[in-house]
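Before any comments, here is the structure.
Note that the numbering runs from 1 along the sequence shown for the chain. In what follows, every heavy atom counts, from backbone to side chain, and hydrogens, waters and symmetry copies are set aside.
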Amino acid sequence: MNPYASSMIISSLAIGTITTLTSFHWILAWIGLEINTLAIIPLMTKNPHPRSIEASTKYFLTQAAASALILFASTLNAWLLGEWTINNFSNPLSTTLMSIAILTKLGVAPFHFWLPEVLQGLSLQTGLILSTWQKLAPMALLLQLSQTLNLNLMLLLGLTSTLIGGWGGINQTQTRKILAFSSIAHLGWMVAILKLSPELYLLNFSLYIIMTSTLFYMFLTLNSKNMMQLTTSWPKIPTLTAFSLLSLLSLSGLPPLTGFLPKWLIAQELVKQNLTLFALLILMSTLLSLFFYLRLMYVISLTLAPNSSSSSPTWLFKKKNYLSIPLLLTLCLLPTSPSFFII
């Protein structure tokens, strides 16, 4: 892609997100979301492949429908209350419609059907943007609406997302689809705790961004798009592969790694709010996600592809530019740091 076009597209992504983050008026927030949607579509269609065209079409139609619902909900609220400000959103019908529209943009179950298919049709670089940067603006709007949301609806959608995210990822062999279902499961935790504790919502989202970026960068460096290619990752870059195992464990939420911290604090908050049964259910649903994370670990560390050559591994002699490896190792270290250091 032309560097001038790339810089314009990246600038548009930044402008759209910043517009939504700094807006106090629903029309300005809607404009920022639209700029974001239109800016990422050229990145999706950068490679003229039928899967990319299909993914961008599905993404555009879903986001356009969600944006129309946002505009309708904000107009309905302004008609009933006479104000367009984001914080003044007290009508129950408008709040429910707005929350459904924003959750559709994020890919929270049961509005998740577009996310795995779209992510599978994109390159890993564009998938990284879709899984991290594109979630900033809708997440900020949800945070501003947190005190007016329906608690029972949020708990139901959160539990549904963790169940579908774990169950859907079990049968996948493509790394991009696994990351998509992992995103759905993590969004379920954030949605469940949003109304009860916005601080934990922000903590979970921040750690999700860091850990997901780490995995995307590792798959980019290893050039692995499915489990079969992951079996050859150990001979390529052993050090990075070893750190990827710990990053997968951290993303699954096993103690004492960083990914365990938000799940522990969220479960603790749910118990304090007399939601012990819900906390038990959402923790049990996490075991489904744990299964496919452990399967990825098994494929990377305990499975080797057939190799008929008796020569030394190619990574010892290949003069490829691995200047990004120190950056990747630095990114890997944060998700693998023990939780008690953060506390």
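Here the straight-line distance linking atom CE of Met8 with atom CG of Asn2 works out to 9.5 Å at 0.5 Å rounding. Put simply, CH2 on Trp30 and CD1 on Ile70 are 10.0 Å apart, with the number rounded to the nearest 0.5 Å. For the atom pair Ser197 OG and Tyr201 OH, the distance stands at 12.0 Å (nearest 0.5 Å). Atom OG1 of Thr162 and atom CG of Leu157 lie 11.0 Å apart (nearest 0.5 Å). Separating the CD atom in Gln268 from the CG atom in Leu200 is a distance of 9.0 Å, to the nearest 0.5 Å. Summarising the geometry, atom CH2 belonging to Trp264 is positioned 7.5 Å from atom CG belonging to Leu261; distances are rounded to the nearest 0.5 Å.
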Can Met139 and Leu187 be said to form a side chain to side chain contact (heavy atoms under 4.5 Å, CB included), step by step? CA-CA 10 Å; Met139 282 294 194; Leu187 285 172; 3.1 Å; yes
If you apply the rule side chain to side chain contact (heavy atoms under 4.5 Å, CB included), what do you find for Met98 with Trp26, and how did you get there? CA-CA 11 Å; Met98 181 63 71; Trp26 273 114; 3.7 Å; yes
Checking Leu142 against Leu106 for the side chain to side chain contact (heavy atoms under 4.5 Å, CB included) test, could you report, in this order, the C-alpha distance in whole Å, the side-chain angles of both residues, the deciding distance, and whether it holds? CA-CA 10 Å; Leu142 265 186; Leu106 289 170; 3.7 Å; yes
For Trp189 and Lys263: C-alpha separation, side-chain torsions, deciding distance, then whether side chain to side chain contact (heavy atoms under 4.5 Å, CB included) applies. CA-CA 8 Å; Trp189 281 88; Lys263 290 183 171 59; 3.9 Å; yes
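A side chain to side chain contact (heavy atoms under 4.5 Å, CB included) with Ser23 is found for exactly one of Leu33, Leu28, Ile18, namely Leu28.
Side chain of Asn77 to main chain of Asn88: a donor-acceptor pair is present (N/O by atom type, distance under 3.5 Å, no hydrogens or angles). The backbone N or O of Met227 lies less than 3.5 Å from no partner atom in the side chain of Thr173, so there is not a single donor-acceptor pair. Checking side-chain atoms of Ser67 against main-chain N and O of Ala64 turns up no donor-acceptor pair under 3.5 Å. Between the Ser146 side chain and the Lys195 main chain, no donor and acceptor come within less than 3.5 Å of each other. Using a distance-only test at 3.5 Å, with no hydrogens or angles considered, no donor-acceptor pair links the side chain of Ser182 to the main chain of Ile178.
A chain of hydrophobic side-chain contacts below 4.5 Å, direct or via other Ile, Leu, Val, Met, Phe, Trp or Tyr residues, connects Met284 to Ile170.
Listed by first and then second residue, the side chain to side chain donor-acceptor pair (under 3.5 Å) pairs involving residues 37-48 amount to none (not counting sequence neighbours).
Heavy atoms of other residues, nucleotides or ligands lying less than 6.0 angstrom from CG of Asn171 number 12 at most. Other residues, nucleotides and ligands contribute over 12 non-hydrogen atoms within 6.0 Å of the CZ atom of Phe278.
Using a 3.5 Å distance cut-off with no hydrogens or angles, the side chains of Gln63 and Lys105 do pair a donor with an acceptor. Judged purely by distance below 3.5 Å, without hydrogens or angles, the side chains of Thr17 and Asn36 pair a donor atom with an acceptor atom.
The ring-ring contact (aromatic ring centres under 6.0 Å, His included) test applied to His186 returns Tyr208, not counting sequence neighbours.
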